[in-house]
Amino acid sequence: MKTNIQEIKDLSIGFKSQKGKQISILRNITTNIRKGETVGIVGESGSGKSTLALAMMGYIKQGLFTTGGECLFKSQNLLSLNNKELEDIRGRKIAMIPQNAGQALTPNLKIGYQIEEALKLHTDYSKGEREQKISELLNQVRLPSPKIMALRYPHELSGGQQQRVAVAMALAGNPELLLLDEPTTGLDVTTQAHVLELLKDIAKDTGTSMVYVSHDLGAIAQVCDRVIVMYAGEIVLEGPVRKILKEPIHPYTYGLLKSIPKLSLIGLPDSMPGSQPQPGNIGNGCSFYNRCNFSNDECKVNVPKLEYLSEMDTSVRCFNHSELISKTSEQKMKNHSQKKITIDEILDLKDVSISYAKQGIIDQFLNKVTDTNPTVKDINININKGETISLVGESGSGKSTILKSIAGLLKTKDGHIKFDKEKLLSGDLKKRNSEDLRSIQLIFQNPDESLNPNHTVEQILSQPLKLYFGLTGSKLKESIVELLEKVRLGAFYMSRYPRQLSGGEKQRIAVARAFAARPDIILCDEVTSALDVSVQAAVLDLLHKLKEELGTTYIFVSHDLAVVKAISDRVAVLYQGRLCEIGPSKDVYQFPSHPYTEVLIGAVLEPDPDIKPKLVAEDIVEEKPPEIGCSFQGRCPRIIGDKCRNETPPWQFGDNGNAIRCHIDIEELKIQQS
Amino acid sequence: MFFLIFKRFVLGLITLFIVSLITFIGVEILPGDACTSYLEREAFGEALAACIKRLGLDVPAHERYLSWAFNVIQGDFGYSLSGQMQINEVLGPRIKNSLVLASAAIIIGIPLALILGIITALWRDKMPDIIISTVAIFSMTIPEFISATLLILIVAIWLEWLPGIVIVPTDVTFFELLPNIILPVIAIAMIMTAHMARMVRSSVIQVMASDYIQMAILKGVPYWKMVFKHVLPNALLPAINVVALTIAWLLGGVVVTEVVFNYPGLGRLVIESISNRDLPVVQALGIILASIYVSINFIADLLTLMLNPRLKTLQTRK
């Protein structure tokens, strides 16, 4: 048995509500972190996982306080130390890698300085040695040309590079325990896979214990030895990673795993009903009672204890876990009727290119755009009525840009967008008539920002109804209630403000607002990426049902290939604003495919420790698309030489219906990829 | 970056040009002209003719604007009617006096505001913050003509510590002026300091709540080192423009305070020449105050550009 490096005993953390009531965020947490092991803490937002990780450093956020228990680091209670004593432990014994490195690096200080600061505080190196060490650390996290990198400011690096700097900074003090708070959330898929690879190697090389906090079971599966699942401030399941992800014996974990869309399966995942109770609103019985499919009367009254099952080396907080032992976690997708899309074109993008280059004063006067290398170029897509088409790609692939210009928020430089076969959509929003505006609606990524916080749900939904249909009085009310019912919310939501809704409910309101206009096309910009997985599955399900019912066309933008696969009929893969591949979704995910699609699929993390991502290409960030040749030439693992650099690749058609833009012969590609 | 500075500079010049046009046109469309309004009931016969000739009012407006603007560029503002001398001679000592007043207020006010702002932010919702913030909100809400009058009443009349009003010739030396400016400086600095301290406070609080400060704490950076290295540089950057605006706004406060204390500065000159209907001087003052405003904002932009690494590299990269 390995020794424990950190022991958490009966820890409770809470805050005082305005009414003076004490509300718990963490409730009686007891667990250990062993030497040299990587432990994952999983849970949805609000489950208290970050609070727990911060408490492991003796850090309690302002407004919160410990209501009981202790956090022992080598038998020293961190929560009873003063600031001076904590300064000696933080960074030296326990280091933190933050969620969003872009915001966690001080903007006015150079990378080199920030790493040196950690070295100065926690080591006895001389000035010269420190400089040496900075280079070594930057090298260790695989950043190119460390000498130059050290002189850069945080904003001059890409997201992946910033995250690597944060890792280097954490390693500077040679810590015995590393805490990682969602270290790859917000990174592109390929970058995320690379950073995880790096973290795994570091854990292996240095023997450091790690605590990995994440909502992403895919990432957890890749790096962790043991997993702790949290729900509503409690540990509900704890055990070895394979047991947790393959034989989840807690209904919450069971449901969570089922709600994740998978690349290998077709169709929509099951969604879990309801949402996590807010701190302070937890009833008498089991906190998961309301959402549980396996509950009985006992669960309603009694709180289950965390029970250790020695034969599985797993602790579980559930009365009925034995029912789940026999159940396989085999996922069955709801096979939604993949109805045949008739060729009835509703939107036609022809030779569309979009440029962000600012016109000079003279060019503006002459109405001329001089940019020879626009952000988005040569986009040709036909979209049929009732179809769901997805645009996928990493950040900077131009997918949102295209969406914006369909919505009329961005002017196209060349080409045209035709609606309903004959109507040419103007690039200028002001020149579109009310009918054009009504027929195309947008749902944004983050409902927190897209819903006016000072409007009630009723006001939010009444606006499109008044604007497009001139509804008033009882007619208006009726329509609002109808809309709310359509998105599975009741009429009593009318008087609520966005802040009184959960993330999933807010996004439902945003969906309802888009449907209020009775549009022909709905543009969905990363609509589920701000949501928890269980909520994501429910929103995807809702979108799908509404489409079945109303025959709406969706244009879906996402970076998540599994989500895209679950919802769409066709997929278009973009890199640097150029189309790489387009085809029916079931075919794009099969080979042969464009080398970029191959890279993207390879980097997807499945919530299964036995399926490893395939890292085919480097995660370099290109600032601009190349002027000539193939857009993917800079990173392509299958590049065949000057042809790729100088000539725009031709479209080739695979036998299963997907079109690929590549110089490599499609038969050749098939052989290479099989 | 150079281009950006140049652009800001040109924009400043354009602003000044527009201000000069507006003041000129404003004076022009007033009923009568500089001479009739100045001479009032004596505006007839020889006196009027002499005045018109003296000011060159017999030439068309656009020509007069051009020659006036041309002279202003060379630093010649023309002739003051009430002072019966060149405006430059009137302005010289007044500018110096106002400058002494304003710079004293700035020299005391800005550091004080920074210190108070930082203290209130770091001890947020504790005793030091509650006391300082209450006082600050009080002094922000009391207009300076009231606080100035109260100061005179308490310090000059009841306590008899300092002179209540400034009775000195316009061209006093600096040291003779010094005891006289204490009260006006307090009156001006009070509001300005309070405003800025509140700004600094909220800016520091915002930075303290940021991810990178939490990171610095978790990295084990000692508290005061964190405050000076990680918090302040980032918190004070946005404060620069606020400080500039406050200083520019101080110009208005200076006018009122100078009148209350009978202080021989630019502010009092503004009021005097308006009541004397000395339009050439009003015009000159308009341009001068506008150029002070423009140059303060220009300097603030320069400082922000220089101190913010984000802006610096953004500009050189493109």
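Since we're looking at a predicted model, the values are computed, not measured. Proteins come first, then strands; the chains are lettered A, B, ... in the order of their sequence lines, and each starts at number 1.
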Checklist entry - Between B/Lys229 and chain A, which part of the residue has a heavy atom less than 4.5 Å away: side chain, backbone, both or neither? => result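 Looking at B/Lys229, backbone and side chain both touch chain A.
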
Next on the checklist: Counting only non-hydrogen atoms closer than 4.5 Å, does B/Val207 touch chain A with its backbone (N, CA, C, O), its side chain (CB onward), both, or neither?
Outcome noted: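 When you check distances to chain A, no heavy atom of B/Val207 falls under 4.5 Å.
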
Within a strict 4.5 Å, meaning less than it, do heavy atoms of the [X] and [Y] side chains meet?
X: B/Tyr212; Y: A/Leu105; value: no
X: B/Met215; Y: A/Gln103; value: no
X: B/Asp211; Y: A/Pro98; value: no

Part of [X] within contact of chain B (heavy atom distance under 4.5 Å):
X: A/Lys61; value: side chain
X: A/Ala95; value: neither
X: A/Asn83; value: neither
X: A/Met57; value: side chain
X: A/Leu179; value: neither
X: A/Gln99; value: neither

Decide if atom [atom1] of [X] counts as having more than 12 heavy atoms of other residues, nucleotides or ligands within a radius under 6.0 Å.
X: A/Lys147; atom1: NZ; result: no
X: A/Gln62; atom1: CD; result: no
X: A/Ile148; atom1: CD1; result: no
X: A/Glu85; atom1: CD; result: yes
X: B/Met199; atom1: CE; result: no
X: A/Asn82; atom1: CG; result: yes
X: A/Phe65; atom1: CZ; result: yes

Checklist entry - For the side chain of A/His122 and the backbone of B/Lys219, is there at least one donor-acceptor N/O pair under 3.5 Å apart? => result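 Yes; at least one donor-acceptor contact below 3.5 Å.
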
Next on the checklist: Side chains of A/Glu117 and B/His230: any donor to acceptor distance under 3.5 Å?
Outcome noted: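 Distance-only check passes for B/His230 and A/Glu117.
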
Next on the checklist: I'd like to know whether B/Ile217 forms a side chain to side chain contact (heavy atoms under 4.5 Å, CB included) with A/Arg90, so could you lay out the CA-CA distance, the side-chain angles of the two residues, the decisive distance to 0.1 Å, and finally the verdict.
Outcome noted: CA-CA 8 Å; B/Ile217 295 171; A/Arg90 290 173 180 163; 3.2 Å; yes

Next on the checklist: Below 4.5 Å, heavy-atom pairs only: which of B/Gly220, B/Pro233, B/Ala216 has the largest tally toward chain A?
Outcome noted: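 The residue among B/Gly220, B/Pro233, B/Ala216 with the greatest pair count is B/Gly220.
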
Item to check | Residues B/Leu218, A/Leu54; criterion side chain to side chain contact (heavy atoms under 4.5 Å, CB included); working and verdict | outcome: CA-CA 9 Å; B/Leu218 294 178; A/Leu54 290 172; 3.6 Å; yes

Item to check | Heavy-atom closest pair, residues B/Tyr223 and A/Glu87 | outcome: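 That would be N-OE2, 3.6 Å.
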
